[in-house]
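Reckoned from all heavy atoms, side chains included, excluding hydrogens, waters and symmetry mates. Convention: sequence-line order gives letters A, B, ...; per-chain numbering from 1.
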Amino acid sequence: MADEPKDAPAGRDYRETLFLPDTPFPMKAGLAQREPERLKHWAEIGLYHLLRKQAADRPKFVFHDGPPYANGAIHIGHAENKILKDFVVRTKQMAGYDCDYVPGWDCHGLPIEWKVEEDFRKAGRKKAEVPAVEFRKACREYADKWIPLQREEFKRLGIEADWDHYYTTMSYEAEAAIAAEFLRVVRTGLVYRGSKPVMWSPVERTSLAEAEVEYAEKTSPTIWVKFPVVGFQSVSGNTLGEGPAGVSVVIWTTTPWTIPGNRAISFSPSIQYGVYEVESIEQGLAFEPWVKPGDKLALADKLAEDVMRAAKAAAWKRLDDFDGHGVVCAHPFRGRGYDFDVPLLSGDHVTDDAGTGFVHTAPGHGADDFVIWTKHFGQEGIPFTVDAEGRFTKEAPGFEGLEILQLEGKNLGKDGPANKVVMDKLIEVGALLARGQLKHSYPHSWRSKAPLIFRNTPQWFIAMDKPFRDGKTLRQIALDEIERVDWGQKRTGDQVGYNRIKGMIEDRPDWLVSRQRAWGVPLPIFVSKADGSLLQDDDVDARIYAAMKAGGADAWWATDAQVFLGNKYKAADYEKVEDILDVWFDSGCTHAFVVGNPDAPTRPSFANPVGTIYLEGSDQHRGWFQSSLLESCATRGRAPYDEVVTHGFTVDENGMKQSKSLGNIVEPQKVAKENGIEILRLLIASAEYGDDLRMGKIIMDQSTETYRKLRNTLRYLLGALKDFGDGERVAAGKDLPLLERWLLHRLWELDRTVRQAYETYQFRVALSAIVEFCNVDLSAFYVDVRKDALYCDAPSSLRRRACRSALDQVFSRLTAWLAPILPFTAEETWLTRFPDDVSVHLRTFPETPAAWEDDFAGEEVARLREARSVVTGALEVARREKLIGSALEARPRVWVADEGLLASLQAIDFAELCITSGVDLEAGEGPSDAFRLSETPGVAVKVEKAPGVKCARSWKYFDPATALPGFPDITPRDALAVQEWDAARA
RNA sequence: CGGCGGGUAGCUUAACGGUUAGAGCGGGCGCCUUAUAAGCGCUUGAUCCGGGUUCAACUCCCGGCCUGCCGACCA
C-alpha cells in the first residue's frame with residue numbers, strides 16, 4: 001500500500017493509515033491446553049518462592065489450610081474450597097501481605113482403615129490376624145498413595161501453594177506433636193475416664209461406627225415388666241391420693257437381657273397416664289396368665305387396652321390419673337443384688353405409639369437411655385453389665401457369664417441363653433406381666449451380619465465444665481474466644497456463623513476422644529492400677545515424644561512400656577492405654593505443628609502474623625473449627641484463628657445435592673479438561689458462596705460468556721495500547737478531556753469497591769463491579785465513543801494520547817484485580833504486553849491516586865449519558881424506519897430544556913458521544929413529535945440524515961467543502977492524521 | 001424428628017419497612033462489518049405458597065412447601 005502514489009486524491013485505501021487494535025493475544029483462549037503449560041512455566045520460574053522472597057518484609061497474614069482427607073479423587077466440593085482459599089491467599093498477597101499457604105492432608109481414620117481392611121480380606125487375611133504394625137503400615141501406604149494424586153489435582157485448579165512442603169497428620173513429627181498436645185491437655189486435668197454405650201458386635205468383639213451398621217429383620221421376644229412403686233421423691237403434684245401401695249409401673253422391651261442393666265424408667269410429661277385395676281382375667285386359656293385380679297398397673301391411657309389384652313385381662317377399670325414426676329420404683333430383682341431405686345425420669349423421646357408409655361431405661365444399653373441418665377446423674381451409676389463378648393459380668397448379679405449371643409458353632413449370632421434366663425427369673429419373682437414375639441428391624445454388622453448390641457464401654461473424655469485455667473472451664477474459655485473471633489460478620493454482616501458455633505459449644509457434651517481403632521495416634525497415657533490416676537511425668541512424656549518423633553505413632557505399640565516408664569515406675573503398676581485418639585483431635589492440633597506458637601512458628605512467614613484465617617465448608621463448625629478451638633483453648637487458652645470464613649456446598653443446577661446415584665456430579669477434572677479451570681474459578685467468584693453453589697451446564701455456559709467478555713476486553717486493551725509508552729502519556733490534570741477524567745474517576749471508585757470487597761472476602765462484589773465496568777462503562781460507552789479517536793486521530797492528538805493514557809491505567813488495574821480470580825488469563829495478558837516481566841502475580845494492587853476522585857466528572861458524564869440514551873433511542877426508531885443504518889448516517893437535532901445540561905452538552909463533542917456525524921443542539925422543549933424518554937424529561941430528539949459525503953477513512957459524513965487540499969474524500973482531521981502517518985513513513 | 005441456613009427474571013445476583021424491585025448474562029428483534037467465533041442499540045422477563053402486623057412488606061411475624069448443612073467411633 002505504501003507504494004501507492006500519494007497524490008492519488010480519491011480512491012486511496014486508507015485502511016492502513018488507521019490505528020486499529022493490534023495484538024497477538026488470541027480471542028480464543030484454549031484454556032484446557034494452555035493452563036497446564038502455564039502451570040509448568042510457573043513451576044519452572046519458581047513463582048511460589050519468588051512470592052515468598054519478594055514479600056519477606058511484609059506484614060504476615062496466616063492462611064491455615066484445613067486438611068482434606070487423603071482418600072479418593074478430589075470432587076467439586078474440594079475444588080470450591082481450594083479455589084476460595086486461593087482467592088484469599090492471592091488477594092492478601094496482592095494487597096501487600098506475605099500470605100504463605102501450606103497445604104495439608106488428614107490421614108488417619110476409619111475410611112482408610114476400612115479400605116485397607118478390605119484389601120487384606122481380598123488377600124484372604126482377616127483384620128484380627130494382621131499384626132497391628134503391619135496393618136498401620138498398610139494404612140500409611142494407602143494415604144501416601146493418594147496425597148500425590150490429590151496434590152496434582154489441586155495444582156491443576158491453579159492453587160498457588162507450597163506444594164513441595166505440605167503437611168500431613170501422619171508424618172512422624174505430626175504424630176509426635178499430636179501425642180504431645182494430648183499430654184498437654186492431660187496436664188490441665190481435663191482428661192478423665194468415663195463410659196458410653198456404643199454399637200458393639202459381640203461376635204467380632206469390636207465397636208462399630210454408624211456407617212458399619214445395617215438394619216435387618218429380626219424376631220425378638222417382647223416382655224411387659226412390672227416395676228413396683230415404692231415411694232416419692234416429692235409429694236407435690238401426685239394425684240394418687242392414698243399413696244403408692246400396690247401400684248406397678250409397666251414397661252415394655254424387646255431386649256430382656258437389658259433388664260439387669262435397668263436403672264430408670266422414662267415417661268413423657270405430654271402423655272396422659274392412669275392407674276388401672278384388673279378385675280378379671282380371660283377364661284379358658286391353656287395356661288394361667290401372670291396377671292391377677294386386683295393388680296394395679298400404671299399405663300398410658302392410650303395403650304392401656306393393648307397392654308391389658310396382651311396380659312389376658314378380661315375386665316379392668318381406671319382408678320385414677322397417674323403422674324410420673326417424682327415416682328420411685330423398685331427393680332424387679334430387688335433383694336437379689338438390685339437394691340437401688342429406679343426413678344421415673346421425664347424425657348422427650350418417650351411416645352405412646354407402642355408399648356406402655358413408660359420406657360425401660362438401661363443407660364449402658366441405649367443412646368436415649370444414656371442421654372437421659374447422664375442428663376440427670378452424669379456418668380455416675382452406669383453399670384458395665386456386659387463384657388466385650390456379650391457375656392454378663394459380675395455387675396449383673398445372678399446372671400454372670402451368660403451369653404446374649406452365641407459366639408461359636410452353627411448358631412453363631414443367634415440368641416444365647418441370656419434372654420431366656422432373665423425372663424425365667426422375671427416370672428419367678430412375679431414381675432412379668434406378659435410376653436410375646438416381635439419381628440422388627442434390628443441393627444446388624446454389615447460385615448458378619450451378626451446382631452449388634454449397645455454396650456457401655458470405658459472411654460476417655462475431655463471435660464467441658466471443669467474449671468482449670470484461672471478458674472474457667474474449657475467451655476467458658478471457648479465461648480470467650482468465640483466472642484473475639486470474626487465468624488464471617490465482616491463478610492456477611494450477619495451473626496449466622498457466630499450463632500452456630502456458639503450454640504454448638506454451649507450445648508456440646510464432653511469431648512469423647514478415645515476410639516477402639518487401629519489407624520491413628522494413641523492416647524499416650526499410663527493409668528495407675530492402684531488408683532486410676534493418670535501418670536504425669538515430664539521424663540516419661542519426653543521419652544514418648546522422642547520415640548514417636550523417631551518412629552511415628554507405631555512407637556507406642558512397638559515399644560515396651562517399661563522403656564517409657566524408665567526406672568521410676570514399674571510397668572506392672574500401670575495400664576498402658578491402647579485406644580487411639582479421635583481423628584478430630586488430630587486435625588484440631590494442626591495449628592500446633594503447622595502454624596506453631598507465635599513464639600515458635602514453623603516457618604518465618606508465620607511469625608507474628610497480623611491475622612490468622614480458617615476457611616472451610618460450614619459443616620466444619622461441627623468439625624475442624626470446633627476441634628481446633630477446643631484443643632487450642634485447652635492447651636493455650638485461645639482460639640487458633642482470628643477469622644473463620646465458611647462456604648456452602650455444591651449442588652446441582654436444581655439445587656439438589658450431588659450424588660452418584662442421581663448422576664448429577666460435576667467433576668473438576670472434567671471441567672478443567674473441557675472448559676478450562678478459569679471458567680470454574682469465575683463461576684465460584686461470581687457466586688454468593690456462603691449459600692449453596694449450583695453447578696450445571698447453564699451456569700457453566702454463563703461463566704464462559706463472562707469469561708469471553710473479560711478476555712475480549714483485555715484483548716482490546718492490548719490492541720489499543722500497542723506501542724504505548726511513557727513519552728505519549730498525558731498526566732492526570734486539567735488538560736485531560738472530560739471523558740478521561742471520568743474514566744479515572746471510575747477507576748478510583750472501582751479501586752475502593754474492589755479493595756474493600758477483597759478485604760472482606762466478597763469476591764462476587766469485586767467481580768461483578770469489574771464485569772459491569774467492562775460491559776457498561778468500557779465496552780458499551782467509553783471505548784465505543786473513543787474508537788473514532790483511537791483509530792483515526794493522529795498519534796500526536798491530545799485526545800488520543802489522553803485516551804491511551806487512561807486505558808493504560810485501566811489495563812494496569814484490570815490485570816491486577818483479575819489476577820487472583822483468573823491467574824492464567826491475567827498472566828497471559830500481562831506477559832503479552834510486558835514479555836520481559838516475570839509474572840503479574842508478583843504485583844500488588846496498583847495504588848490509585850486520590851486526585852483521580854472527580855465528582856464533577858462523575859456526575860457530568862452521568863448526565864451526558866442520560867441525554868445520550870435519548871439520542872440512541874431516537875436512532876433506533878430511525879433505524880426501524882429505514883432512515884439510517886449506521887449511527888454515523890445521522891445528524892440528530894436535540895432540544896434541551898435545562899440550560900445547565902445544554903451548556904454541558906455544548907462544552908463537549910456531543911456528536912462524538914452519540915457516535916453520529918454531527919448534532920444540532922437547541923434550547924427548549926422541542927416539537928411535540930420529537931422522540932422523548934419518560935425517564936429523561938427535557939430532552940427531545942429528531943433524527944435527520946447527516947448531510948455531506950462519507951469520509952473514506954473515518955466514515956463520518958462531512959462537508960466536502962471543508963476538505964484539505966489533496967484530501968478531498970476525508971475530513972480535515974483525517975487528512976492531518978494521514979499526513980502525520982505519511983510523514984512517519986517518508 | 002431436632003438445630004441452623006437458603007428460596008428475587010431462564011442463569012448469577014442487588015435493594016430497602018417507602019418512587020415504577022436495580023444490574024449483568026442469556027433469550028428475542030435490529031444495526032454495523034474499522035474488537036468480527038467480535039462490537040453497538042432496542043426489547044423481553046422475577047420477589048416459593050397462605051395468613052398476619054403496618055398508611056406501606058421481597059423486607060418484620062406465624063404456618064406451609066421445596067432445598068442444603070449438622071445431629072458423639074464419618075471426614
Chemist: Would you mind pulling out the nucleotide paired to rG50(B), Watson-Crick or G-U wobble, both distances under 3.5 Å?
Modeler: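 Pairing partner, where one exists within any strand: rC62(B).
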
Chemist: Ignoring hydrogens and angles, are the base of rA14(B) and the side chain of S768(A) linked by a donor-acceptor pair under 3.5 Å?
Modeler: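 No, no donor-acceptor pair under 3.5 Å.
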
Chemist: If we call it a pair only when both distances are under 3.5 Å in a Watson-Crick or G-U wobble match, what pairs with rA23(B)?
Modeler: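 Paired with rA23(B), as far as the under-3.5 Å criterion goes, is rU12(B).
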
Chemist: Does a nitrogen or oxygen in the side chain of Y14(A) sit under 4.0 Å from OP1 or OP2 of rU34(B)?
Modeler: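 False: Y14(A) side-chain N/O out of range (4.0 Å or more) of rU34(B) OP1/OP2.
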
Chemist: Counting side-chain heavy atoms from C-beta on, which of rC25(B), rA35(B), rC69(B) comes nearest to N712(A)?
Modeler: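 Closest of the options to the side chain of N712(A): rA35(B).
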
Chemist: Please report the distance, rounded to the nearest Å, between CZ in R708(A) and C1' in rA37(B).
Modeler: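 Atom CZ in R708(A) sits about 7 Å away from atom C1' in rA37(B).
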
Chemist: Y192(A) vs F461(A) aromatic rings, parallel, tilted or perpendicular, using cut-offs 30° and 60°?
Modeler: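 Judged by the thresholds at 30° and 60°, the geometry between Y192(A) and F461(A) is parallel.
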
Chemist: For the pair made of CG in L693(A) and P in rG6(B), what is the distance, rounded to whole Å?
Modeler: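 So the CG-P distance, L693(A) to rG6(B), works out to 17 Å.
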
Chemist: On a whole-Å scale, what distance lies between the P atoms belonging to rU19(B) and rA15(B)?
Modeler: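 Each nucleotide's P atom is 15 Å from the other's.
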
Chemist: Of all the choices, rU67(B), rG24(B), rC31(B), which nucleotide is nearest to the side chain of Q702(A) once you look at every atom?
Modeler: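 Per side-chain heavy atoms of Q702(A), the pick is rG24(B).
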
Chemist: So which one's nearest nucleotide on RNA chain B is more toward 5', M27(A) or F649(A)?
Modeler: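 On the 5' side of the pair lies M27(A).
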
Chemist: Does a side-chain N or O of K787(A) approach OP1 or OP2 of rA35(B) to a distance below 4.0 Å, or not?
Modeler: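 Looking at the OP1 and OP2 atoms of rA35(B), one of them is under 4.0 Å from a side-chain N or O of K787(A).
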
Chemist: Choose from rU12(B), rG26(B), rA72(B) the nucleotide whose nearest atom is closest to any side-chain atom of P509(A).
Modeler: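 Nearest to the side chain of P509(A) among the choices is rA72(B).
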
Chemist: rC70(B), rA72(B), rC73(B): which one has an atom nearest the side-chain heavy atoms of T457(A)?
Modeler: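 Closest nucleotide among those given: rC73(B).
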
Chemist: Assess R515(A) against F585(A): is NZ or CZ under 6.0 Å from the centre of the six-membered ring, and within 45 degrees of the ring's axis?
Modeler: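 The answer is no, since R515(A) fails at least one limit relative to F585(A).
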
Chemist: Starting at the 5' end of RNA chain B and moving along, which residue's nearest nucleotide shows up first, G690(A) or K950(A)?
Modeler: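 Its nearest nucleotide lies further toward 5', so the answer is G690(A).
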
Chemist: Starting the side chain at C-beta, find the nucleotide from rC69(B), rA35(B), rC4(B) nearest to V496(A).
Modeler: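 Selected nucleotide (nearest to the side chain): rC4(B).
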
Chemist: Checking contacts here: which listed nucleotide (rC69(B), rC40(B), rU12(B)) is nearest the side-chain heavy atoms of D784(A)?
Modeler: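 Given the options rC69(B), rC40(B), rU12(B), the side chain of D784(A) is closest to rC40(B).
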
Chemist: Could you state the CG-P distance from D692(A) to rG68(B), rounded to the nearest angstrom?
Modeler: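 Result: 8 Å.
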
Chemist: E678(A) and T825(A): side-chain donor and acceptor closer than 3.5 Å?
Modeler: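 Indeed, the side chains of E678(A) and T825(A) share at least one donor-acceptor pair under 3.5 Å.
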
Chemist: Quote, to the nearest angstrom, the C1' distance that separates rA38(B) from rA57(B).
Modeler: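 Rounded to whole Å, the distance is 45 Å.
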
Chemist: Phosphate oxygens OP1/OP2 of rC40(B): is one of them under 4.0 Å from a side-chain N or O of S779(A)?
Modeler: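 So the side chain of S779(A) is within the cut-off, an N or O lying under 4.0 Å from OP1 or OP2 of rC40(B).
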
Chemist: Nearest whole Å is fine: how far is rA75(B) P from I147(A) CD1?
Modeler: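 Rounded to the whole Å, the gap is 15 Å.
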
Chemist: By nearest atom, which of the nucleotides rU36(B), rC11(B), rA75(B) is closest to the R715(A) side chain?
Modeler: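 Minimum distance to the R715(A) side chain belongs to rU36(B).
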
Chemist: In terms of side-chain heavy atoms of W584(A), which of rA75(B), rU34(B), rC73(B) is nearest?
Modeler: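 From the listed options, rA75(B) comes nearest.
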
Chemist: Side chain of V783(A): nearest nucleotide among rG30(B), rA72(B), rA35(B)?
Modeler: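 My answer, after comparing the listed nucleotides, is rA35(B).
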
Chemist: Please report the distance separating the C1' of rC25(B) from the corresponding atom of rU44(B), rounded so that it comes out in whole Å.
Modeler: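 So the two C1' atoms sit 14 Å from each other.
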
Chemist: Say you draw a straight line from OG1 of T23(A) to NZ of K722(A); how long is it, rounded to the nearest 0.5 Å?
Modeler: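 Interatomic distance, T23(A) OG1 to K722(A) NZ, rounded to 0.5 Å: 9.0 Å.
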
Chemist: Ignoring hydrogens and angles, does a donor from either the side chain of W511(A) or the base of rA72(B) sit under 3.5 Å from an acceptor on the other?
Modeler: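 No, the side chain and the base share no sub-3.5 Å donor-acceptor pair.
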
Chemist: Between D619(A) and R622(A), does at least one N-O distance fall below 4.0 Å, as a salt bridge requires?
Modeler: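 Looking at R622(A) together with D619(A), the answer is no, because their closest N to O distance does not fall below 4.0 Å.
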
Chemist: Are OP1 or OP2 of rA14(B) and a side-chain N or O of R764(A) less than 4.0 angstrom apart?
Modeler: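 Yes, because at least one side-chain N or O of R764(A) sits under 4.0 Å from OP1 or OP2 of rA14(B).
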
